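This report concerns only the one structure given below.
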Number of protein chains: 2
Amino acid sequence: MLKIFHHPFSASSRFVRLMCAEYGVQAEYVVERPWDRRREFLIMNPAGTLPVVVENDGPPICGPMVAMEYIDETRGYAMGDRRLMPNHAETRAEVRRLVEWFLLKFEAEVTGYLVQEKIYKLEMPRGLGGGEPDSTVLRAARSNIRHHLKYVGYLAATRDWLAGPRMTFADLAAAATLSCADYLGEVPWDDDDHARHWYARIKSRPSFRPLLADRILAMPPSSTYADLDF
Amino acid sequence: MLKIFHHPFSASSRFVRLMCAEYGVQAEYVVERPWDRRREFLIMNPAGTLPVVVENDGPPICGPMVAMEYIDETRGYAMGDRRLMPNHAETRAEVRRLVEWFLLKFEAEVTGYLVQEKIYKLEMPRGLGGGEPDSTVLRAARSNIRHHLKYVGYLAATRDWLAGPRMTFADLAAAATLSCADYLGEVPWDDDDHARHWYARIKSRPSFRPLLADRILAMPPSSTYADLDF
């Protein structure tokens with residue numbers, strides 16, 4: 001049994017939730033608010049980042065990429081055709097490149113800003129940086145997302161799935177981060193039909209349902225967030 | 001034969017150089033200056049980051065963590081006891097956590113600032129941001145490195161090597177990033193004897209020699225940079 005410390009609007013946490021659902025891994029989810037810097041949490045993960053996965057009181061597995069490798073190494077072999085990591089070293093490198101692209105670069109340039117400004121700041125006390133969103137930061141994120149969506153569209157137009165002929169961790173990483181922006185109505189889907197059609201495919205998977213049910217009271221989702229025919 | 005696009009003072013590039021030397025992998029090294037944003041380079045790696053590894057005209061392997069997995073997957077099995085990635089999923093997770101710690105977090109909080117301000121800005125044209133180092137940025141890096149060195153010291157005091165009983169990729173990642181700061185005389189070694197002794201051990205390995213020979217004309221190394229008994 002896995003115990004997963006996460007936040008519903010952390011893209012990296014969503015990535016691991018999707019992965020567990022795709023691999024049929026049962027997990028207990030515990031919400032962690034990283035800005036609390038809870039002592040017990042920092043002992044598990046001194047970097048203070050989400051998610052953290054613990055299996056049967058074993059050592060903490062910290063961060064989305066480390067969790068991906070761990071879950072694939074311990075469960076991937078049993079998945080056959082549904083394994084989310086290809087077998088060949090070169091194609092594995094492409095999956096990992098894109099996972100990093102979405103969870104580090106897209107996060108740093110788009111989703112991190114949007115979630116921080118529009119969700120976390122609602123939950124954070126003022127003394128820790130809570131309050132109104134900073135419109136300059138939102139403007140930067142809105143400009144950056146157009147470039148990123150174009151790149152998703154380019155990948156979706158030239159390959160069946162983002163990293164190649166089969167669905168992989170790269171698709172889950174991209175979908176996880178886009179879904180946070182989509183909740184906030186910040187994805188300009190009309191800009192790119194290839195990106196939209198790829199997202200519609202992955203959004204309709206059963207693994208996605210729990211994410212589509214996530215809600216934050218003070219910030220309701222965009223009208224099409226949970227709509228499979230958006 | 002590998003072709004590796006790198007910069008002598010990019011910590012992530014040094015990490016891959018160390019890894020290749022430890023694994024006995026022959027490579028042709030090509031210096032890339034990422035601020036040039038060379039078109040052919042961006043086609044290989046749209047993120048524009050170093051290093052990029054190409055094997056026999058195969059697809060580009062982008063970034064230090066992706067290169068680590070690729071080189072270990074293609075060469076690690078033949079290394080026996082000298083493999084730098086342990087066998088067990090949980091200990092592999094600890095190695096990967098620390099590799100990310102040093103190549104992402106330490107880089108973002110310390111080495112990235114130091115190298116940008118004191119080396120890259122010497123090489124960059126003024127129009128692209130070249131010029132004098134920004135003392136505020138240097139001050140932040142100098143404050144941050146003390147916390148990081150303490151963490152290295154804590155790991156070195158409680159384990160034989162940073163991730164456990166054997167030398168792993170985690171040691172190479174830490175040494176790669178510390179070596180850049182050390183070249184600039186920016187590591188307060190007197191603060192932590194455990195960290196210093198660990199670094200002396202890894203610095204004396206043959207794989208380290210090419211790094212100790214790196215020089216940049218306008219910025220000579222600190223007096224103890226290449227000294228094994230610093």
Side-chain angles (χ1 to χ4, degrees), chain A residues 12 42-49 52-77 85-109 147-148 150-152 154-155 163-164 170, chain B residues 12 42-49 52-77 85-109 147-148 150-152 154-155 163-164 170:
Chain A
S12 292
L42 290 176
I43 289 170
M44 283 199 298
N45 182 9
T49 52
V52 172
V53 176
V54 178
E55 176 147 34
N56 299 330
D57 300 319
I61 312 293
C62 301
M65 277 119 43
V66 178
M68 167 185 87
E69 302 288 352
Y70 177 82
I71 288 172
D72 189 66
E73 284 176 356
T74 52
R75 275 89 174 166
Y77 289 106
M85 183 65 98
N87 289 321
H88 196 282
E90 282 176 0
T91 47
R92 292 162 76 86
E94 177 64 355
V95 169
R96 291 185 175 114
R97 179 183 77 85
L98 289 172
V99 167
E100 287 186 12
W101 181 284
F102 290 109
L103 298 185
L104 299 179
K105 192 172 169 67
F106 192 115
E107 174 76 10
E109 296 171 2
H147 300 284
H148 276 284
K150 213 166 146 182
Y151 189 51
V152 173
Y154 159 76
L155 294 170
Chain B
S12 293
L42 291 176
I43 290 170
M44 283 199 298
N45 181 10
T49 52
V52 172
V53 176
V54 178
E55 177 148 32
N56 299 329
D57 301 320
I61 312 294
C62 301
M65 277 118 44
V66 178
M68 168 185 86
E69 302 288 352
Y70 177 82
I71 288 172
D72 189 67
E73 285 176 355
T74 53
R75 275 91 173 166
Y77 289 106
M85 182 66 99
N87 288 321
H88 195 283
E90 282 177 359
T91 45
R92 292 163 77 86
E94 178 64 355
V95 170
R96 291 183 174 116
R97 178 183 78 84
L98 289 172
V99 167
E100 288 186 12
W101 181 285
F102 291 109
L103 298 185
L104 300 178
K105 190 172 170 66
F106 192 117
E107 174 77 10
E109 296 171 1
H147 300 284
H148 276 284
K150 214 166 144 182
Y151 190 51
V152 172
Y154 160 77
L155 294 171

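In what follows, chains are A, B, ... by sequence order, proteins preceding strands, each numbered from 1. Everything quoted here is computed from the prediction, not taken from an experiment.
When heavy atoms are compared at a cutoff of 4.5 Å, A:Arg92 approaches chain B solely by way of its side chain, counted from C-beta outward. Residue contact with chain B, scored on non-hydrogen atoms closer than 4.5 Å, involves the side chain of A:Glu73 exclusively. Interface residue A:Glu100: only side-chain heavy atoms are found under 4.5 Å from chain B.
From A:Arg97, atom CZ reaches atom CD1 of B:Ile61 across 10.5 Å, with rounding to the nearest 0.5 Å. If you take CD on A:Glu69 and CE on B:Met65, they are separated by 10.0 Å, rounding to the nearest 0.5 Å.
With respect to chain B, the highest number of heavy-atom pairs below 4.5 Å among A:Pro59, A:Pro60, A:Ala67, A:Cys62 belongs to A:Pro59.
Taking the side chain as every heavy atom from C-beta outward, B:Trp101 and A:Pro46 approach each other to under 4.5 Å.
Taking both residues in full, the closest heavy atoms of A:Val66 and B:Arg96 are given as CG2-CB, 3.8 Å, listed atom of the first, atom of the second, then distance.
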